[in-house]
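Shown next, in structure tokens, is the structure this report addresses.
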Number of protein chains: 2
Amino acid sequence: MSLTVKGRATRERIIEAASRRLRSEEPGEMRLDDLLADTGTSKGQLFHYFPGGKEELLLVVAGREADRVLAEQEPYLSELGSPESWRAWRDALVARYGAQGENCPLGSLMGQVRSTAGVAAVVSAMLRQWQDHLRDGVRAAQAAGTADPGVDAERAAAALIAGVQGGVHVLRSTGDSGHLEAALDEFLDRLGRT
Amino acid sequence: MSLTVKGRATRERIIEAASRRLRSEEPGEMRLDDLLADTGTSKGQLFHYFPGGKEELLLVVAGREADRVLAEQEPYLSELGSPESWRAWRDALVARYGAQGENCPLGSLMGQVRSTAGVAAVVSAMLRQWQDHLRDGVRAAQAAGTADPGVDAERAAAALIAGVQGGVHVLRSTGDSGHLEAALDEFLDRLGRT
DNA sequence: GTATTTCTGGACCCGCCAGTCCAGAAATGC
DNA sequence: GCATTTCTGGACTGGCGGGTCCAGAAATAC
């Protein structure tokens with residue numbers, strides 16, 4: 001399937017609309033007809049560009065959204081090491097998710113697709129990357145002597161990912177960011193050698 | 001609305017069936033017709049006992065399921081204090097969720113109802129109770145001298161809840177219980193004075 | 001400038017499933 | 001007992017929403 005310039009633009013417009021709607025106040029279930037209304041396109045076009053229908057489209061969107069999660073944490077994520085860098089990352093995360101409020105693009109996405117398998121895989125891969133960055137950050141801090149060398153970097157990173165995920169989850173359903181902050185701060189306390 | 005003995009039994013049967021289906025291998029979306037088939041009841045009855053329809057029914061089920069979550073952790077939860085009791089609780093949790101696999105009754109429930117508000121409230125309340133138990137456990141351990149007194153019990157409990165929630169979430173979508181275990185173990189390490 | 005491919009619009013189909021309605025059976029009240 | 005309330009079954013409705021189809025417009029190829 002080769003796309004013309006115009007075609008690629010339309011396809012992009014559809015993805016963009018889905019993505020935007022997902023990040024909007026009330027994502028709810030995403031209906032194809034809404035997207036068509038948003039973009040001024042038609043059923044024919046949507047299925048022309050996404051023969052797999054809704055599922056295929058959402059999978060593409062999931063990929064974009066996953067990339068965005070990591071991209072939004074740069075440059076913090078790649079620069080973890082010093083206590084200040086950890087702190088900055090922590091603050092950025094809290095600010096980011098606090099502003100986002102009850103909404104969580106990938107979270108909503110997980111609930112939309114019947115066979116969640118595809119989206120789940122995308123999310124897993126993203127989590128894995130995220131965790132790797134954190135683990136490297138812990139090791140860097142240990143190498144620099146600013147973190148307790150007794151901490152198992154891999155396990156600590158896994159626990160941190162769990163804490164962040166859970167914190168965001170609670171934030172999503174209660175609007176309270178306390179759990180997210182608690183998870184982050186407990187981690188930082190444990191990291192720093194006392 | 002007063003219920004006869006028979007009436008109460010039927011109502012109970014419906015709730016029970018919904019509850020069971022939620023905990024089954026593949027909960028997916030819950031269809032009213034399935035419940036009717038499971039229980040040998042009819043639409044008329046279902047709407048007779050739950051005038052609010054599906055939403056009302058699921059809210060009742062949510063309450064039951066939330067109680068179950070806490071009940072299943074007894075007697076561990078009320079007896080937290082000694083290192084052994086924490087360990088036993090940890091193992092019970094991992095075993096419990098490991099066995100459950102990718103499924104999570106309350107998790108699926110959250111995705112089912114349009115206005116998730118009701119179910120979310122039930123879950124929040126349950127989480128709050130859970131967290132209180134954990135906090136008390138931390139304090140008990142501190143009082144007994146088996147936990148670092150420098151730890152803020154409330155915040156540590158919040159972080160632990162976040163970790164457990166996130167761990168279960170990851171377990172749910174990948175089938176890997178590593179994150180849950182990591183979160184629990186990191187917490188226990190931090191708790192124990194080294 | 002003709003042929004081929006890609007793009008676009010929208011009418012239509014169809015399965016799904018929550019919710020309605022009502023008529024008759026069973027229980028309960030007195 | 002008769003009247004009243006509760007219980008039960010199932011046919012029916014209605015809307016929602018994903019997916020199909022096809023005819024014609026626009027772009028591209030050569």
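Every chain is numbered from 1 and lettered A, B, ... according to where its sequence line falls, protein lines coming before strand lines. Side chains are part of it too, since the values below use all heavy atoms of this structure and drop only hydrogens, waters and symmetry mates.
In this structure, Arg8(B) places its CZ atom 11 Å from P of dT28(C), rounding to the nearest Å. A straight line from CZ of Arg31(B) to P of dC17(C) spans 5 Å, rounded to a whole angstrom. Between Lys43(A) atom NZ and dG17(D) atom P there is a gap of 10 Å when expressed in whole angstrom units. Distance CZ (Phe50(A)) to C1' (dG18(D)): 15 Å, rounded to an integer number of Å. Distance His48(B) NE2 to dC22(C) P: 17 Å, rounded to the nearest Å. With rounding to whole Å, Glu56(B) atom CD is found 11 Å from dG19(C) atom P. Protein atom CG of Asp33(B) is 15 Å distant from nucleotide atom P of dC12(D), rounded to whole Å. Rounded to whole Å, atom P of dG18(D) lies 11 Å from atom CG of Leu57(A).
With no hydrogens or angles considered, a side-chain donor-acceptor pair links Trp130(B) and Gln73(B) at under 3.5 Å.
The side chain of Leu3(B) sits closest to dC7(D) out of dC7(D), dT8(C), dG10(C). Which of dT20(C), dG9(C), dG9(D) sits closest to the side chain of Ser42(A) comes down to dG9(C).
Checking the phosphate oxygens (OP1, OP2) of dA18(C), a side-chain nitrogen or oxygen of Lys54(B) falls inside 4.0 Å. Put simply, Gln45(A) has no side-chain N or O that comes within less than 4.0 Å of OP1 or OP2 on dC7(C). Between dG9(D) and Thr41(B), no contact under 4.0 Å exists linking OP1 or OP2 to a side-chain N or O. Neither OP1 nor OP2 of dT6(C) sits under 4.0 Å from any side-chain N or O of Tyr49(A).
Under the 3.5 Å distance criterion, the side-chain polar atoms of Ser85(B) are matched with a main-chain donor or acceptor of Ser82(B). Side chain of Gln131(B) to main chain of Ile161(B): no donor-acceptor pair is present (N/O by atom type, distance under 3.5 Å, no hydrogens or angles).
Base contact: Gly44(A) has a heavy atom under 4.0 Å from a base atom. Gly40(B) comes within 4.0 angstrom of the backbone, heavy atoms only, and of no base.
For an aromatic pair to be called close, the ring centres must be under 6.0 Å apart, and Tyr76(A) with Trp86(A) fails this.
The aromatic rings of His169(A) and His169(B) lie parallel to each other, their planes meeting at an angle below 30°, with 60° marking the opposite boundary.
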Task: Check against side chain to side chain contact (heavy atoms under 4.5 Å, CB included), Leu59(B) and Val119(B) - done: CA-CA 6 Å; Leu59(B) 200 55; Val119(B) 177; 4.1 Å; yes

TODO: Please assess Val69(A) against Leu106(A) for the test side chain to side chain contact (heavy atoms under 4.5 Å, CB included), listing each intermediate value before the final yes or no.
DONE: CA-CA 9 Å; Val69(A) 169; Leu106(A) 280 168; 3.9 Å; yes

Task: Annotated protein contacts, base or backbone, on nucleotides 24-30 of chain D with a non-hydrogen cut-off under 4.0 Å, one of B, S, - each - done: --SSS--

